[in-house]
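Quick notes on the structure that follows.
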Amino acid sequence: MRRFYRQRKKVIKKPPKSKKKSRIVAERHDDDYSKEEKILREFDINMIYGPCVGLTRLQRWERAQKLGLNPPHQIENLLKSVTVKVQLECLWYKRK
């Protein structure tokens, strides 16, 4: 009979991890960036304007403009602005 009815091992279930800690870390992480950088990061994440790997933010904005995707002019103003210092590379620059 053992061939037909194999024994089943008892599975010990672990209690679910609390997600409250990760939310707190995420909120702190968002506070590290300026308002302008948050806007540019949203532009990087938005796939409507095409992929951003291998391009600077300005190159991606110009490509989207040429393709008629109507990217926000606020992004162009931020990238070409002399008074506001922002990172010109995309969110995933030098990440593998």
Side-chain angles (χ1 to χ4, degrees):
M1 291 303 254
R2 287 187 183 174
R3 291 181 190 168
F4 296 106
Y5 301 104
R6 293 189 178 181
Q7 291 181 352
R8 294 184 184 178
K9 295 181 180 179
K10 293 182 180 179
V11 178
I12 300 172
K13 294 183 180 180
K14 295 181 182 178
K17 294 182 180 178
S18 175
K19 294 183 180 181
K20 292 180 182 178
K21 292 179 183 178
S22 62
R23 289 179 189 162
I24 294 170
V25 172
E27 290 172 6
R28 289 181 189 164
H29 187 66
D30 287 344
D31 293 340
D32 294 342
Y33 300 109
S34 66
K35 179 178 130 183
E36 294 84 9
E37 186 65 28
K38 287 180 185 178
I39 293 169
L40 291 172
R41 284 174 168 262
E42 287 178 18
F43 175 70
D44 289 343
I45 293 172
N46 195 344
M47 285 292 128
I48 294 173
Y49 308 113
C52 64
V53 177
L55 298 171
T56 63
R57 288 172 169 165
L58 186 58
Q59 289 173 338
R60 182 172 181 239
W61 187 91
E62 290 171 347
R63 183 188 63 194
Q65 184 68 25
K66 287 179 187 176
L67 294 173
L69 300 175
N70 300 324
H73 288 285
Q74 181 184 13
I75 303 296
E76 180 188 26
N77 295 339
L78 285 172
L79 294 171
K80 290 184 177 180
S81 142
V82 179
T83 58
V84 179
K85 300 242 178 181
V86 292
Q87 183 180 359
L88 298 177
E89 300 297 332
C90 75
L91 178 65
W92 293 281
Y93 179 68
K94 289 188 177 180
R95 291 190 182 180
K96 293 182 180 182

E36 side, atom CD; I39 side, atom CD1 - distance, nearest 0.5 Å: 6.5 Å

Taking all atoms of both residues into account, what is the closest heavy-atom pair of C52 and C90, and its distance? O-SG, 3.5 Å

How long is the span from the CD atom in E62 to the CG atom in L67, to the nearest 0.5 Å? 12.0 Å

To the nearest 0.5 Å, how far apart are NE2 in H73 and NZ in K80? 10.5 Å

Hey, any chance V86 and Y33 share a hydrophobic cluster, counting ILVMFWY side chains that come within less than 4.5 Å of each other, even indirectly? no

Rounded to the nearest 0.5 Å, what separation is found between the CD atom of E89 and the CG atom of D44? 10.0 Å

Here the gap from L40 atom CG to Q74 atom CD, rounded to the nearest 0.5 Å, amounts to 8.5 Å

Calculate, to the nearest 0.5 Å, the distance between atoms CG and CG belonging to L78 and L58 respectively. 11.5 Å

To check you understand the geometry: which heavy-atom pair defines the closest contact between W61 and E76, and what is its length? CH2-OE1, 3.2 Å

Can you give me the closest heavy-atom contact between P71 and Q65, atom names plus distance? CD-OE1, 3.4 Å

Any donor-acceptor pair under 3.5 Å linking the side chain of R60 with the backbone of G50? yes

Under the criterion side chain to side chain contact (heavy atoms under 4.5 Å, CB included), I'd like the reasoning laid out for Q87 against R57: C-alpha separation, chi angles, the key distance, then a yes or no. CA-CA 9 Å; Q87 183 180 359; R57 288 172 169 165; 4.2 Å; yes

Quick test of your reading of the model: are R41 and E37 salt-bridged, counting only N-O distances below 4.0 Å? yes

Closest contact, heavy atoms only, L69 versus Y49: O-CE2, 3.6 Å

Same cluster or not: I48 versus I45, using hydrophobic residues (I, L, V, M, F, W, Y) connected whenever any side-chain heavy atoms lie under 4.5 Å apart? no

